[in-house]
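Below: the structure, in structure tokens.
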Amino acid sequence: MKIKYCDALVIGGGLAGLRAAVAAADKGLSTTVLSLVPVKRSHSAAAQGGMQASLGNAKMSEGDNEDVHFADTVKGSDWGCDQEVARMFVTTAPKAIRELAAWGVPWTRIRKGNHDAVINTKKTTIYEDENKHGLINSRDFGGTKKWRTCYTADATGHTMLFAVANEALKNDVNIEDRKEAIGLIHKNNRCYGAIVRDLITGDIVAYVSKGTLIATGGYGRIYEITTNAVICEGIGTAIALETGVAKLGNMEAVQFHPTPLFPSGILLTEGCRGDGGVLRDKDGHRFMPDYEPEKKDLASRDVVSRRMMEHIRKGKGVDSPYGKHLWLDISILGREHIERNLRDVQEICEYFAGIDPADEGQKGWAPVHPMQHYSMGGIRTKPTGESPTLKGLFSAGEAACWDMHGFNRLGGNSVSETVVAGMIVGNYFADFCKESEIDIDTKTVEEAVAKKEEYIKELISLNGTENIFKIKNRMKKLMQDYVGIFRDGEGLQKAVTELEELYIKSRNISVENKQLTANPELEEAYRVPMMLKVALCVAKGALDRTESRGAHTREDYPKRDDKNWLKRTLTSWKEGDTMPTVEYEDLDIMKMEIPPGFRGYGAKGMIIENELSAVRQAEVDELTEKLEAEGKDRYEIQDALMPFPLQDEYKRKNKRLGVK
């Protein structure tokens with residue numbers, strides 16, 4: 001039996017996990033990162049468009065600051081986020097951008113003089129002052145008032161991941177790939193590490209640590225069609241759920257991206273529309289202004305995805321052998337712009353659709369269709385990133401419900417969250433590890449390992465009547481058909497009922513390949529039941545939430561219900577159960593800096609108001625007016641409205657060119 005010890009254990013080798021590992025190593029902790037794949041191949045590398053931070057450098061970014069970014073994030077979340085966490089995030093994001101620049105990320109920079117841009121399909125000239133030359137540039141993205149998304153052409157995630165991974169290696173972080181955490185070691189509501197399976201040898205090893213941080217990304221692969229990598233199956237989320245102690249938050253909040261390439265599902269970045277590309281229907285008509293005359297193609301992702309599906313339902317989709325789709329037209333940007341700033345998009349279109357998107361006219365239009373993209377839900381944490389119920393367990397990035405996204409994430413905020421949460425949560429995590437001791441006895445660890453070894457042997461010996469691959473495919477189909485962009489009670493109930501049946505069937509499978517190594521059938525045998533638990537948390541949360549909020553759209557309950565549903569869903573799983581336990585925590589309107597209001601999309605009157613919203617808004621207005629009359633600056637006003645926790649090094653004021 002193998003036991004490995006370290007101070008800080010990070011499960012997940014993407015941006016969030018690696019940045020948290022750097023924070024731990026910086027404080028002198030022995031730090032181990034476990035990854036399913038070599039870390040520079042983590043799914044973070046797939047991020048194309050950019051990272052949001054309110055630098056305010058470029059002409060179209062002037063006037064941007066933390067307050068504007070905060071307001072965009074809160075409204076984007078449809079008032080589902082934790083506003084304290086959103087404040088922590090927007091305050092730290094500019095520091096994260098500059099830190100990454102120092103680590104070698106080659107951010108696209110501003111060039112002085114006149115530059116052509118396409119805004120609302122029209123060529124526009126933007127003049128950049130000489131004193132801005134060489135500063136970090138930013139592009140437009142959906143749901144934002146300013147051009148805020150910093151980028152490196154359309155390979156932002158790739159360049160960020162390499163820089164952070166190199167920094168982790170420089171700091172002597174122990175990185176072990178092809179390792180899969182299949183359970184957590186815990187006792188008396190305290191986490192002490194993980195039970196890990198070596199994917200090469202099949203060995204089961206205990207990694208015992210003072211603190212454990214899960215940063216394994218999202219759970220998109222519970223859906224049939226997704227932009228997520230094949231490793232994004234929600235296993236990190238599931239092992240937290242299976243403790244019976246840790247809880248998941250807002251699992252029904254699942255985002256669908258408007259522009260994956262159809263039918264392959266490979267993402268075409270929001271930067272395509274941010275740079276001026278537009279969506280067209282079968283007639284070549286640009287339809288988004290008909291639905292959203294203000295933000296048009298750059299409305300929030302949940303809004304654009306719904307509008308696209310509505311338009312297809314109206315018979316405006318393009319027929320193809322794979323179903324109906326719409327067009328993404330970036331040819332209007334011109335070949336020079338595409339080959340400089342969207343070259344990865346160009347190659348994806350060439351390799352997977354046989355088109356060159358720089359070709360003029362319909363010849364270059366890319367077929368697109370909304371698909372599952374991001375998980376707003378995850379392991380519920382406090383603002384420090386620690387589970388409120390399982391001490392010593394932390395989470396960051398897409399695996400976590402921290403909760404800065406609420407029920408819809410703005411484009412560019414997730415890439416930003418990975419490193420920002422890696423900084424903030426990583427620091428809290430490191431402090432916890434420094435102040436803690438490993439006080440679990442070896443016998444308890446050995447029993448945890450033996451239990452998992454016995455479970456694997458039981459799976460190998462199964463000779464039931466069910467096929468695990470068929471169960472997995474049926475799960476994906478159910479999620480795709482009934483827990484998608486549009487939801488209703490009948491479909492959700494069907495999904496919940498059959499998913500529970502599938503979970504029960506997963507105990508009666510036959511594993512024909514009896515070897516312990518190089519056995520994909522065995523891996524599916526232990527992963528699929530976990531995925532089904534995650535899927536049930538999503539479907540049951542969606543069934544019980546009888547309102548529409550952000551990406552959660554109930555056609556039978558079309559209004560956002562602030563009176564009854566301004567609350568966060570919490571799901572947990574008791575050992576032996578076949579369904580999750582669902583409970584809720586209220587969002588406190590009277591502590592909000594921005595009380596719930598009209599988000600700015602669709603028709604007004606689609607909100608069931610909470611009477612406290614008006615009460616809190618009156619308080620905010622009165623206090624703001626009073627402090628302004630006293631000559632207080634925006635920082636003092638913000639602090640009076642809603643103090644928020646954050647380490648001093650990250651809370652210090654951000655500097656902007658020409659702004660005091």
Side-chain angles (χ1 to χ4, degrees), residues 120-121 142 220 223-228 254-270 272-274 276-293 295-333 345 348-350 352-357 359-374 408 411 476-488 491 548 551-556 558 601-603:
N120 198 21
T121 70
Y223 282 83
E224 185 177 36
I225 306 172
T226 175
T227 66
N228 285 194
V254 178
Q255 183 176 85
F256 291 77
H257 197 289
T259 58
L261 189 66
F262 184 79
S264 68
I266 301 171
L267 185 64
L268 302 183
T269 174
E270 190 164 311
C272 292
R273 287 172 291 127
V278 297
L279 293 163
R280 300 188 186 277
D281 62 19
K282 69 176 185 180
D283 301 318
H285 172 62
R286 182 192 179 196
F287 59 88
M288 277 304 300
D290 302 339
Y291 296 99
E292 302 296 341
K295 293 298 292 184
K296 305 176 180 67
D297 301 81
L298 283 173
S300 283
R301 287 179 177 176
D302 61 316
V303 176
V304 178
S305 293
R306 282 195 297 274
R307 296 308 195 189
M308 290 173 70
M309 295 307 298
E310 287 177 38
H311 207 59
I312 289 173
R313 285 179 172 184
K314 291 178 180 178
K316 293 298 184 178
V318 182
D319 290 322
S320 82
Y322 311 102
K324 294 183 182 296
H325 64 80
L326 295 164
W327 298 115
L328 173 64
D329 176 13
I330 63 171
S331 65
I332 58 176
L333 306 180
V345 168
I348 289 169
C349 288
E350 288 173 344
F352 296 96
I355 62 169
D356 181 352
D359 286 343
E360 292 185 6
Q362 189 168 350
K363 183 181 178 183
W365 296 354
V368 293
H369 191 286
M371 297 180 192
Q372 193 284 337
H373 176 62
Y374 189 83
N408 177 66
K476 290 170 171 280
K477 181 67 173 171
L478 287 168
M479 294 300 293
Q480 191 70 34
D481 289 349
Y482 301 115
V483 200
I485 295 175
F486 291 107
R487 304 166 176 180
D488 61 51
S548 291
H552 170 68
T553 303
R554 288 285 299 264
E555 293 192 281
D556 46 352
Y601 298 115

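Starting from 1, each residue takes its place in the sequence as its number. Quick caveat: nothing in here was measured; it's all calculated off a predicted structure.
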Query - From I355, V345, D356, residue fulfilling side-chain contact (heavy atoms from CB on, under 4.5 Å) relative to E350 - result: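 So the option named by the test is D356.
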
Query raised in the report: Among D329, V368, L328, whose side-chain contact (heavy atoms from CB on, under 4.5 Å) with R280 holds?
Result: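 The option that passes is D329.
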
Query raised in the report: Taking atom types as modelled, is there a side-chain donor on T227 or H373 under 3.5 Å from an acceptor on the other?
Result: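 A pair is found: one side chain offers a donor N or O, the other an acceptor, under 3.5 Å apart.
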
Query raised in the report: How about Q255 and N408: does a side-chain donor come under 3.5 Å of a side-chain acceptor?
Result: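 Yes, N408 and Q255 have a side-chain donor paired with an acceptor closer than 3.5 Å.
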
Report task. Applying side chain to side chain donor-acceptor pair (under 3.5 Å) between D290 and each of H285, K296, H311, report the one that passes. Result ->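 Passing option: H285.
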
Give the minimum heavy-atom separation between [X] and [Y], together with the two atoms involved.
X: S305; Y: H257; value: OG-C, 3.6 Å
X: T259; Y: T269; value: OG1-O, 4.3 Å
X: A551; Y: V254; value: CB-O, 3.2 Å

Query raised in the report: With a 4.0 Å cut-off, would you call D488 and R554 a salt bridge?
Result: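 The answer is no: the pair does not qualify as a salt bridge.
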
**Report entry** Salt bridge present between E310 and R307 (N-O < 4.0 angstrom)
**Finding:**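 Result for this pair is yes, salt bridge flagged.
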
Query - Minimum side-chain heavy-atom gap L279-R286 below 4.5 Å - result: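 No, every pair of side-chain atoms sits at 4.5 Å or beyond.
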
Report task. State, yes or no, whether a side-chain contact exists between W327 and Q362 at a heavy-atom distance under 4.5 Å. Result ->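 Heavy-atom side-chain distance check passes, below 4.5 Å.
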
Does [X] use its side chain to pair, donor to acceptor, with the backbone of [Y] at less than 3.5 Å?
X: Y601; Y: E292; answer: no
X: Y223; Y: V483; answer: yes
X: S331; Y: P357; answer: no
X: S320; Y: G323; answer: yes
X: N228; Y: G220; answer: yes
X: K316; Y: F287; answer: no
X: R273; Y: D297; answer: yes

Query raised in the report: Is the Lys NZ or Arg CZ of R313 less than 6.0 Å from the centre of F486's six-membered ring, within 45° of the axis?
Result: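 Checked: cation-pi criterion met.
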
Report task. May I ask you to check whether Y322 and H369 place their ring centers less than 6.0 Å from one another? Result ->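 No, ring centres 6.0 Å or more apart.
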
**Report entry** Criterion side chain to side chain donor-acceptor pair (under 3.5 Å) on T553 and R306, from CA distance to verdict
**Finding:** CA-CA 9 Å; T553 303; R306 282 195 297 274; 3.0 Å; yes

